[in-house]
Amino acid sequence: MTQKSQLAKLGLFDAKVPRYTSYPTSPHFSNDVGPDRFSDWISTIKPNSSISLYIHVPFCRRLCWFCACRTQGTQSDSPVRAYLEVLKAEIKMLGHILPEGVKLSRLHWGGGTPTLLAPDMMTQLAGSIAEIAPFAPDAEFSVEIDPNEIDEARLDALAAAGMNRASIGVQDFDDEIQKTIGRIQSYDITRDAVEMIRARGITSLNADILYGLPHQSQQRMTESVQKLLSLNPDRVALYGYAHVPWMAKRQQMIPSEALPTPQERLDLYDTARKLFLWDNYAEIGIDHFATQTDGLTVAQQTGQLKRNFQGYTDDQSEVLIGLGASSISRFPQGYAQNASATSAHTKAIRAGTFSTGRGHTFRGEDRLRARLIEVLMCDFRINSAEILADFDITPSALQQLYTDASNRFPDMLQISSQGLYIPEKARPLTRMIARSFDAYDLSKTGHSSAI
């Protein structure tokens, strides 16, 4: 039996599973977490500690058809400026209850398209954040940059604010594919944006590229990856396109008959993966690649790799606070999510309260299972000694979890006295294996193809 047929037999090409950027995943959040609990959790942050901060800008000049994020299109700056005032008020509210001496280890502006902010808006936003929490030493400030929506003045503002890592979405450089997914972004425009970024001393660059897009072939995948490699990104996220037109209505513009089959998706992934490895990138988890000196590679080598809503990270902060509509915060106690609709979020902030509308408070085995899933996604292994030392579980109960997972994937997992290990041949199944440790109802919507 070939590896591909064995993977097919185990359900790789049919399964719909979470991406496991959190546990439990967001479909399991409830309205039990509101503004008061969010504020209480903030008050428990240790004074003089470091936290991460995420700022969400839900606006785009154009709505790409492939995107399933909560965004809204605007050709005018008016709604963006109004939203900025809401963000500044929300930041000020946070500053009132943040414990003394808290610093930022990570700051990320995402969206949407945060670079549609005018230079003066960027300066105002950065200034409001600096007023409530300064950067910690060696802090990282990253911004998602649309090459179609950036210029010298905006990059000057971002550099002056301290941005030291840029993140660029590529998706695919092929003209036909770009037209089909509603995202026109030439290689020349992307290269020019990268050159402008680096001209300002910003040397750290992330890039996203997708496989599983309509009309993609291994040849086209090869050409796009080679063009991306010519830009020398430090990190690359190789994401599988999730076609969910019942959730993201704009995806109905994409012809489903032009999508590759699940087996072809695996071939596309393998093609891109080999190119990154041949170019001496380290393989990080299931879908990231990084240069040998990048922080993600170092974190993986030292057992400190983590996973959050942006994917893989080397951030060691226990607290991630999300501001803006639909943003999700992570605390040692659980998750809290702001109102998804910009209007509802704005109404709450203007009334002087956080817009927290849903979330999850950890209970029972949540922390244990979250850690088991995270180490599988990051390291492809579970170290029994570490789990037994950190959690209230008996050796026999932990062994039973291993056995249950192994029974679902015969001859694919390695179990020893040290723990459980996913060998390379089984790594396409990693999300499905992680699902074996998920105690929640897996019929919830929002899950994507396993490959």
Side-chain angles (χ1 to χ4, degrees), residues 2-4 7-8 12-13 15 17 19-21 64 66-68 144 147 167-178 180-181 183 185-187 190-191 194 205-243 254 258-292 294 296-297 300 305 307 310-312 377-378 380 422 424-432 448-451:
T2 65
Q3 183 193 18
K4 188 177 289 188
L7 294 173
L12 176 66
F13 302 128
V17 291
R19 293 188 183 274
Y20 286 119
T21 53
C64 303
F66 73 90
C67 182
E144 294 175 15
S167 183
I168 290 182
V170 169
Q171 324 319 334
D172 193 289
F173 282 122
D174 183 87
D175 290 343
E176 182 183 14
I177 294 172
Q178 288 186 359
T180 306
I181 66 174
R183 168 83 172 203
Q185 179 183 315
S186 70
Y187 170 78
T190 308
R191 180 202 58 213
V194 170
L205 178 69
N206 296 4
D208 296 346
I209 191 167
L210 294 178
Y211 68 92
L213 291 172
H215 304 302
Q216 261 184 342
S217 64
Q218 291 184 64
Q219 180 180 346
R220 285 177 166 180
M221 188 90 245
T222 298
E223 292 172 353
S224 285
V225 170
Q226 288 176 334
K227 286 180 178 179
L228 176 59
L229 286 170
S230 74
L231 303 177
N232 297 311
D234 299 86
R235 300 176 186 175
V236 178
L238 176 61
Y239 291 133
Y241 166 63
H243 191 60
I254 295 177
L259 295 171
T261 66
Q263 292 85 350
E264 290 169 340
R265 283 172 64 95
L266 180 59
D267 290 336
L268 291 167
Y269 172 84
D270 285 339
T271 296
R273 173 181 177 269
K274 289 174 182 176
L275 290 169
F276 291 123
L277 295 181
W278 285 339
D279 222 46
N280 201 35
Y281 280 74
E283 191 168 12
I284 308 296
I286 63 169
D287 53 17
H288 280 51
F289 300 85
T291 58
Q292 297 296 327
D294 185 79
L296 282 186
T297 305
Q300 182 183 63
L305 188 65
R307 191 159 171 84
Q310 279 79 56
Y312 290 101
M377 297 289 291
C378 290
F380 303 115
I422 305 176
E424 187 168 335
K425 69 174 184 178
R427 288 181 185 173
L429 298 165
T430 297
R431 285 164 57 201
M432 295 175 63
S448 61
S449 170
I451 185 64

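For this chain, numbers begin at 1 and follow the sequence in order. Quick caveat, the model's predicted, so the values are computed rather than measured. Reckoned from all heavy atoms, side chains included, excluding hydrogens, waters and symmetry mates.
Annotation for Gln216 and Leu268: closest pair OE1-CD1, 3.7 Å, computed over non-hydrogen atoms. Taking all atoms of both residues into account, the shortest heavy-atom contact from Leu12 to Pro428 is CD1-O, 3.2 Å. The nearest pair of heavy atoms linking Pro233 to Ala207 is CB-CB, 4.2 Å. Considering all non-hydrogen atoms of both residues, Arg19 and Ala242 come closest at NH2-CB, 3.8 Å. Across all non-hydrogen atoms, the minimal contact from Thr291 to Tyr281 is N-CD2, 3.8 Å. Considering all non-hydrogen atoms of both residues, Ser186 and Gln178 come closest at N-OE1, 4.2 Å.
Judged by distance alone, with hydrogens and angles left aside, the side-chain atoms of Ser224 form a donor-acceptor pair with the main-chain N or O of Phe173 at under 3.5 Å. The backbone N or O of Leu238 lies less than 3.5 Å from no partner atom in the side chain of Asp287, so there is not a single donor-acceptor pair. Between the side chain of Gln300 and the backbone N or O of Leu296, no donor-acceptor pair lies under 3.5 Å. A donor-acceptor pair under 3.5 Å links the side-chain atoms of Arg265 to the main chain of Ile451, judged by distance alone.
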Quiz prompt | Candidate pair Leu259 and His243, rule side chain to side chain contact (heavy atoms under 4.5 Å, CB included), full reasoning | solution = CA-CA 9 Å; Leu259 295 171; His243 191 60; 3.5 Å; yes

Quiz item: After noting the C-alpha distance and the side-chain angles of Phe289 and Glu283, does the key distance pass the side chain to side chain contact (heavy atoms under 4.5 Å, CB included) rule?
Solution: CA-CA 5 Å; Phe289 300 85; Glu283 191 168 12; 3.8 Å; yes

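In the displayed structure, Gln219 atom CD is contacted under 6.0 Å by at most 12 heavy atoms of other residues, nucleotides or ligands. Within a 6.0 Å radius of NZ in Lys274, other residues, nucleotides and ligands contribute 12 heavy atoms or fewer.
Leu7 places none of its side-chain heavy atoms less than 4.5 Å from the side chain of Lys4. Contact of the Ile181 side chain with the Pro214 side chain is registered, since non-hydrogen atoms from C-beta on lie closer than 4.5 Å. Counting only heavy atoms from C-beta outward, the side chains of Thr430 and Met377 approach each other to under 4.5 Å. Under the 4.5 Å side-chain criterion, counting only non-hydrogen atoms from C-beta, Leu266 is in contact with Phe13. In this structure the side chain of Ile168 reaches within 4.5 angstrom of the side chain of Pro147, judged on heavy atoms. At a threshold of 4.5 Å between non-hydrogen side-chain atoms, the residues Leu228 and Tyr187 do not count as touching.
Test Tyr241, Tyr269, Tyr239 against Tyr211 for ring-ring contact (aromatic ring centres under 6.0 Å, His included) and you get one pass: Tyr269. The only member of Ile177, Ile209, Thr180, Leu210 that meets side-chain contact (heavy atoms from CB on, under 4.5 Å) when paired with Asp172 is Ile177.
Annotation: the span from Gln292 atom CD to Asp294 atom CG amounts to 10.0 Å, rounded to 0.5 Å. Distance check: Met221 CE to Glu264 CD gives 13.5 Å after rounding to the nearest 0.5 Å. Atoms CD and CG, on Gln226 and Asp279 in that order, are 9.5 Å from each other to the nearest 0.5 Å. The structure places OG1 of Thr271 at 14.0 Å from CZ of Arg220, a figure rounded to the nearest 0.5 Å. Taken to the nearest 0.5 Å, the CG atom of Leu231 stands 8.5 Å off from the CZ atom of Arg191. Atom CD1 of Ile254 and atom NE2 of His215 lie 10.0 Å apart (nearest 0.5 Å).
Arg431 forms no cation-pi arrangement with Tyr20, by the criterion of a distance under 6.0 Å to the ring centre and an angle within 45° of the ring axis.
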